[in-house]
Visitor: 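Starting off with a structure, shown below.
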Amino acid sequence: MNRLEQLLAAWEDGTLTAADAAELKQLLADPAARRALVEDWMFYEALIGALQSQPGEQPAAPRAASPAPAWHAPIARWFAQLAWPGWAVGGAAAALLLALGLVFLLPRSEPVAQIATLQGGVEVLHGSKAASPASQQWIQSGDILRLAAQSAVVITWPGEPTLVKVTGPAELVVPRQKGAKTLELRGGKLLAVVAPQPAKKPMNIRTPQAEAVVKGTRFTLAVNRTTTRLEVLEGAVALRKPDTARDALTVGAGSFAEAGPDAGWQTSPIYGSATREVIDQAPNDAPLAATGALVWQEYVTSLQAQGWPMGAARKTTAQYLQRLRGFLIVPSDGEYSFWMSSGSAAEFRLSTDEKPANARQLIAITAPNQPANAARSAPQKLLAGSRLYFEVSQHFAADAAITVGWNRPGVPNGGSLVEIIPGECLQPWTGGER
Amino acid sequence: MDRQQQLTSQFLANRHSLFAYIYGFVRNAHDAEDLFQEVWLRIAEAAQRGAAIEDPAKWSRGVARNLILHYWRDRRADHALADEQLLALIDTAFAEQEGRQDYWLARQQALSECLQELPERSRQLVRLKYEQGLTAEAVAQKVAQTAAAVLMALSRVRQVLRDCSLKKLRLQGFKA
């Protein structure tokens, strides 16, 4: 072992003296010695990385996984043993904890939120290492979540019913939280259900093109290389551009706004989706009774749905109603026949105008059927441009699928187009009359 | 590509070197991860503020160096290494070796294979010291040896791993 290697080994073993350090400094004047030092240090980096990637090895649990600093507990226990008056113990404990806190002033990455559920290819980059996360794992400030196509993750915050669902391909960065919840969506799509936040600490979600400031609501954000699109389901969200903080838009329920070089800076009604809801039911409710609390709400881009929505809380003994509703925008004059297939009891209702009160049942299914044997409505004469409230209700047994389509006129040679009602003819329900 | 995304990409591309830089000073994997995370947070915040960062790798090492000095100070570590000239030389050393990420990644893969070839006892020593971050004294207690014996054993195992990984890299065509 040459002298440089001896010194580097002493450094690793923690036995390097001041004289050794001075000698090392002299040796490092030589570029070859500097290269050897980097090789030596990169060896340790590679070794640690290799250890963490060993198959079947249990990695050491991340130290900061718990939100409570580990050094609080023994200090608190020690004070509890002292025979002092309660106020003196509390005061002394607080003083000592404050002093220790000052010693540890070095800012640290801290736990921010938890992964509730995940599916598909999700990776968390923490420090220099990437790993597949587990359910209930804490996400810390500085972490980057990367989601592959067709993957999703639901993130929750302790003590409140706020959740964020990110669908891939996506990249979500968790910056340092300065009192308020803050996320950065670098690409992909996000659905947020945000409980009311403290007045001076709204939730902030930043994208490359804009920043959404949220006090408590439901909305989606979709980000690509050039554009951020915000759609609000409920409540209102302030959207602002990073370079002109004063020029903020307030986007209300049923509206969207886009930020980007080619986007107009304005709000517009949402097109292209219907509202999907899951409603809790009392045990003896009729299958299609909408009596209980709203458990989940999201947008769907055509009139079909299958499977329990990821992120929605579920009680195994409860029964649920699934509802798709919104407004049908009639594309052309003519006669329309609607059809529906469902894995459980369901009905389709269509209003003569925008009012839910005027909706009439057009199709009812009491037993499961397949698309090939879909139940059909009588032909309905509709006018182009009409905006008609509709509602599809389904007894959500065993996560049954549901599909609603139509025979649409206006096809050349007098034929009709048989299709699932597409998003371009839909607008979501935005609240109001239940 | 957006400036922030570009900075993120550059930072991530350089993360192995930066981690090695930090670990080299603090010699504890968990603490090194914490400090690395803090550097990342600071670079992200600087990018958010619109700070012009011409050389992200150099900037990151500068931030890391300050954090390391705080780290030593907080632990009252009377460090012979807290010498400005020595720190500057090490910074130069890393600057001179930028752009070899593919080599470092290949080395990690080679080391992973070499670890599998170690006897279980040697692998245990390496895990205790470098994965769990125990001191030599703590490792010695666990394996019922003296700290000096543990240090000597680890030195031998490191040499075995170095030789093994360099041999594999040469076979892949890398010039070590």
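Within every chain, numbering begins at 1; the chains are lettered A, B, ... in the order of the sequence lines, protein sequences first and strands thereafter.
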Visitor: Sort A/Asp20 into side chain, backbone, both or neither according to what part of it lies under 4.5 angstrom from a heavy atom of chain B.
Guide: neither

Visitor: Shortest non-hydrogen contact from B/Leu41 to A/Pro175?
Guide: CD2-C, 3.9 Å

Visitor: Would you say the side chain of B/Glu45 lies within less than 4.5 Å of the side chain of A/Lys178, judging by non-hydrogen atoms?
Guide: yes

Visitor: Is B/Lys129 salt-bridged to A/Asp13, going by a charged N under 4.0 Å from an acidic O?
Guide: no

Visitor: Should the pair A/Lys129 and B/Phe36 be classed as cation-pi, given the thresholds of under 6.0 Å to the six-membered ring centre and 45° from the axis?
Guide: no

Visitor: Do you know which of A/Thr226, A/Thr15, A/Asp40, A/Leu8 has the most heavy-atom pairs with chain B at a distance under 4.5 angstrom?
Guide: A/Asp40

Visitor: Do the side chain of B/Trp40 and the main chain of A/His126 share a donor and acceptor less than 3.5 angstrom apart?
Guide: no

Visitor: So for B/Gln109, is it side chain, backbone, both, or neither that comes closer than 4.5 Å to the heavy atoms of chain A?
Guide: neither

Visitor: Could you tell me whether A/Trp41 and B/Phe25 have their ring centroids closer than 6.0 angstrom?
Guide: yes

Visitor: Under a 4.0 Å N-O cut-off, is there an ion pair linking A/Arg176 with B/Glu38?
Guide: yes

Visitor: Using 4.0 Å as the upper bound for N to carboxylate O, is an ion pair formed by A/Glu12 and B/Arg27?
Guide: yes

Visitor: So for B/Val39, is it side chain, backbone, both, or neither that comes closer than 4.5 Å to the heavy atoms of chain A?
Guide: neither

Visitor: Is there side-chain contact between B/Gln37 and A/Asp143, with at least one heavy-atom pair below 4.5 Å?
Guide: yes

Visitor: For chain A, find which of B/Ser17, B/Gly133, B/Ser155 contributes the most heavy-atom pairs closer than 4.5 angstrom.
Guide: B/Ser17

Visitor: Just verifying a value: how many Å separate B/Thr92 OG1 and A/Arg34 CZ, rounded to the nearest 0.5 Å?
Guide: 6.0 Å

Visitor: Chain A heavy atoms under 4.5 Å from B/Tyr23: which part of the residue, side chain, backbone, both or neither?
Guide: side chain

Visitor: What do you reckon, is NZ of A/Lys189 surrounded by more than 12 foreign heavy atoms closer than 6.0 Å?
Guide: no

Visitor: Is B/Tyr103 close to A/Glu39 at the side-chain level, that is, under 4.5 Å between some pair of heavy atoms?
Guide: yes

Visitor: Where on B/Gln85 is there a heavy atom nearer than 4.5 Å to chain A: the side chain, the backbone, both, or neither?
Guide: both

Visitor: Look at B/Leu105, B/Ile90, B/Thr135 and state which one has the largest set of heavy-atom pairs under 4.5 Å with chain A.
Guide: B/Ile90

Visitor: With chain B as the partner, which of A/Leu28, A/Leu47, A/Leu24, A/Leu125 has the greatest number of non-hydrogen pairs under 4.5 Å?
Guide: A/Leu47

Visitor: Salt-bridged, A/Glu45 to B/Arg107, with N to O below 4.0 Å?
Guide: no

Visitor: Would you say the side-chain atoms of B/Gln97 pair up with the backbone N or O of A/Arg35, donor to acceptor, closer than 3.5 Å?
Guide: no

Visitor: Hey, what do you get for CG (B/Leu89) to CG (A/Asp30), rounding to the nearest 0.5 Å?
Guide: 11.0 Å

Visitor: Measure the shortest side-chain to side-chain distance between A/Phe43 and B/Leu166 over non-hydrogen atoms and say whether it is less than 4.5 angstrom.
Guide: no

Visitor: Verify the neighbour count for atom CD of B/Gln141: are there more than 12 heavy atoms of other residues, nucleotides or ligands below 6.0 Å?
Guide: no

Visitor: For A/Val173, is it the side chain, the backbone, both, or neither that has a heavy atom closer than 4.5 Å to a heavy atom of chain B?
Guide: side chain

Visitor: Once you round to the nearest 0.5 Å, how far does CG of B/Leu111 lie from CD1 of A/Ile48?
Guide: 11.0 Å

